[in-house]
Q: 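Before I ask anything, let me first share the structure, which is written out below as structure tokens.
Note that the structure is a prediction, hence the values are computed from the model and not measured.
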Amino acid sequence: MATIKDVAKKAGVSISVVSKTYNNYVDVSEETRQRIFAVAKELNYTPNIVAKNLSSKKQMTFGLISSGVLNDNIKDNNAFDIFKGVYREISESRFELSINLIDTQKQKQQSYVQYCRERNIGGAILQGIRTDDPYYKELIDTDIPCVVLDIMNETENGMIGSVSINNAQAGKEITLYLLERNHRNLVIIGGTEETYVNKERMKGVEEALVAHGMKLSDVDVLDADFSEETAYQLSKAYLQKKQPTAFLCFSDLMAFGVMSAVKEAGLQIPEDVSVTGFDDLVFSSFTQPPLTTIQQDFVEIGGVAARLLQDIKENKLERQHIWVKHQLMARGSVRTLPSD
């Protein structure tokens with residue numbers, strides 16, 4: 001197997017020049033760089049990234065740690081879109097990207113800090129992590145730079161950043177959209193009660209209700225754990241007792257489950273019952289009728305997270321939360337009711 005020494009000798013340069021070439025140093029001419037790459041290809045030489053990171057003074061690998069992806073509904077492309085955004089940004093930088101897909105069992109075997117230490121990871125992006133996760137709490141107390149998605153970082157650790165849409169504002173906007181169309185008999189299909197995004201969206205719902213002279217206690221709330229099947233079962237049982245004018249769902253997946261239950265009950269959307277979602281998944285514009293929802297740009301969220309992590313790593317800035325823009329997508333699943 002060819003070594004870096006073999007490449008340097010045949011290319012007529014020093015070992016340090018070969019090393020600089022693979023580390024994207026600007027003081028290597030383009031002619032020299034191309035000659036080294038040609039020789040490396042001829043000799044079938046591949047640099048040992050792990051060894052390079054372990055021997056370098058700076059850690060040159062970022063980690064994307066994503067929880068729950070292995071159990072995701074196939075209709076949910078959010079995690080993949082975040083990965084695309086992260087990858088596009090990292091691929092244009094001098095860093096490498098390591099991906100760690102976590103499920104519940106694996107989390108018990110290896111903490112995030114252990115994963116980063118073992119692979120000499122210089123910074124991590126955490127997606128799908130809950131604030132009550134003990135491994136999350138462990139990581140934010142270390143000196144490893146990291147960016148968390150869909151969590152507002154409230155620690156004093158200057159090495160931690162966070163990225164999300166303004167979930168409270170988005171929750172308020174879609175609730176106002178229903179209220180302004182004269183819907184008062186609402187059912188909220190919430191996600192997992194203890195998650196940050198669920199709390200923020202509920203906060204926005206409450207603000208909108210108060211603005212229209214209502215209280216949160218005036219509407220029914222069903223917690224469906226961001227699950228399509230759970231939302232289906234809960235709304236199906238609810239419709240056997242009551243018929244609201246609208247279901248306001250905290251995810252598109254849950255909205256899909258509600259729409260199935262509404263149609264099974266022999267009701268029409270939106271003539272009998274209106275439905276809204278949250279996320280704007282690919283399938284959301286193809287449901288019958290197309291789903292009114294909040295659009296999140298998950299590719300942009302991933303890209304922003306990667307740029308923020310680089311800035312924190314390179315000491316360009318400290319802890320901050322970045323809001324990514326969202327958009328209300330008004331489609332055919334909501335009816336305007338006659339005013340009283």
Side-chain angles (χ1 to χ4, degrees), residues 1-67 69-70 79-80 82-103 106-107 109-127 135 138-139 142-147 159 161 299 302-303 305-316:
M1 182 180 293
T3 66
I4 190 171
K5 186 177 180 180
D6 298 326
V7 174
K9 183 177 180 180
K10 185 156 187 175
V13 298
S14 66
I15 292 175
S16 65
V17 171
V18 177
S19 178
K20 284 183 176 182
T21 298
Y22 278 98
N23 281 288
N24 295 320
Y25 278 68
V26 296
D27 58 345
V28 179
S29 70
E30 186 60 26
E31 180 184 353
T32 301
R33 188 186 305 275
Q34 292 305 320
R35 185 167 75 252
I36 289 170
F37 287 151
V39 169
K41 183 177 181 180
E42 180 185 342
L43 297 179
N44 198 26
Y45 167 74
T46 303
N48 187 327
I49 299 298
V50 174
K52 180 181 73 174
N53 283 343
L54 291 174
S55 62
S56 66
K57 292 182 180 180
K58 276 194 172 184
Q59 295 158 310
M60 301 301 294
T61 299
F62 284 155
L64 173 59
I65 301 173
S66 188
S67 179
V69 174
L70 301 178
F80 181 68
I82 287 171
F83 163 71
K84 283 198 295 187
V86 171
Y87 177 77
R88 285 177 184 175
E89 193 66 32
I90 297 299
S91 66
E92 296 177 359
S93 74
R94 57 196 181 86
F95 291 93
E96 301 288 338
L97 181 63
S98 172
I99 299 173
N100 189 20
L101 304 182
I102 293 291
D103 58 27
K106 190 172 182 181
Q107 279 180 247
Q109 298 169 3
Q110 183 186 52
S111 73
Y112 307 137
V113 170
Q114 183 182 356
Y115 168 79
C116 292
R117 299 292 191 211
E118 287 181 356
R119 290 162 178 78
N120 203 37
I121 298 236
I125 296 170
L126 278 68
Q127 185 264 331
Y135 291 150
E138 176 191 14
L139 182 58
T142 72
D143 59 352
I144 299 173
C146 69
V147 172
M159 303 298 281
V299 175
R307 291 193 293 274
L308 177 58
L309 183 60
Q310 290 179 66
D311 287 342
I312 294 173
K313 175 68 176 175
E314 295 172 349
N315 300 314
K316 293 180 181 177

Q: For Glu30, what residues pass the side chain to side chain contact (heavy atoms under 4.5 Å, CB included) criterion, not counting sequence neighbours?
A: Arg33, Gln34
Q: Quick one: CD1 on Ile82 to OG on Ser66, what's the gap to the nearest 0.5 Å?
A: 7.0 Å
Q: Let me check something: any side-chain donor-acceptor pairs from residues 6-14 under 3.5 Å, sequence neighbours excluded? List them with distances.
A:
unit_1	atom_1	unit_2	atom_2	d
Asp6	OD2	Thr3	N	2.9
Asp6	OD2	Thr3	OG1	3.2
Lys10	NZ	Glu42	OE2	2.4
Ser14	OG	Ser16	OG	2.9
Ser14	OG	Val17	N	3.3

Q: Which residues satisfy the side chain to side chain contact (heavy atoms under 4.5 Å, CB included) test with Phe83, sequence neighbours excluded?
A: Leu64, Phe80, Tyr87, Leu97, Ile99
Q: What are the two closest non-hydrogen atoms of Cys116 and Ile144, and how far apart are they?
A: CB-CD1, 3.7 Å
Q: Over all heavy atoms of both residues, which pair between Ile121 and Ser98 is shortest? Give the atoms and the distance, please.
A: CD1-CB, 3.8 Å
Q: For residues Ile65 and Gln127, determine if any side-chain heavy atom of one lies less than 4.5 Å from a side-chain heavy atom of the other.
A: no
Q: A side-chain contact here means heavy atoms from C-beta on lying under 4.5 Å apart; do Ile312 and Val147 qualify?
A: yes
Q: Is any side-chain heavy atom of Leu126 less than 4.5 Å from a side-chain heavy atom of Cys146?
A: yes
Q: Do the side-chain N and O atoms of Thr61 and Glu96 include a donor-acceptor pair separated by under 3.5 angstrom?
A: no
Q: Got a sec, which residues hit side chain to side chain contact (heavy atoms under 4.5 Å, CB included) with Gln310, two or more places apart in sequence or on another chain?
A: Phe62, Glu89, Ile90, Ser93, Phe95
Q: Salt bridge check, Glu314 against Arg94: does any charged N sit closer than 4.0 Å to a carboxylate O?
A: yes
Q: Rounded to the nearest 0.5 Å, what separates atom OG1 in Thr32 from atom CZ in Phe37?
A: 11.0 Å
Q: Which residues satisfy the salt bridge (Lys or Arg N to Asp or Glu O under 4.0 Å) test with Lys84, sequence neighbours excluded?
A: Asp81
Q: Provide the closest heavy-atom pair for Pro145 versus Gly122 in the form atom of the first, atom of the second, distance.
A: CD-O, 3.2 Å
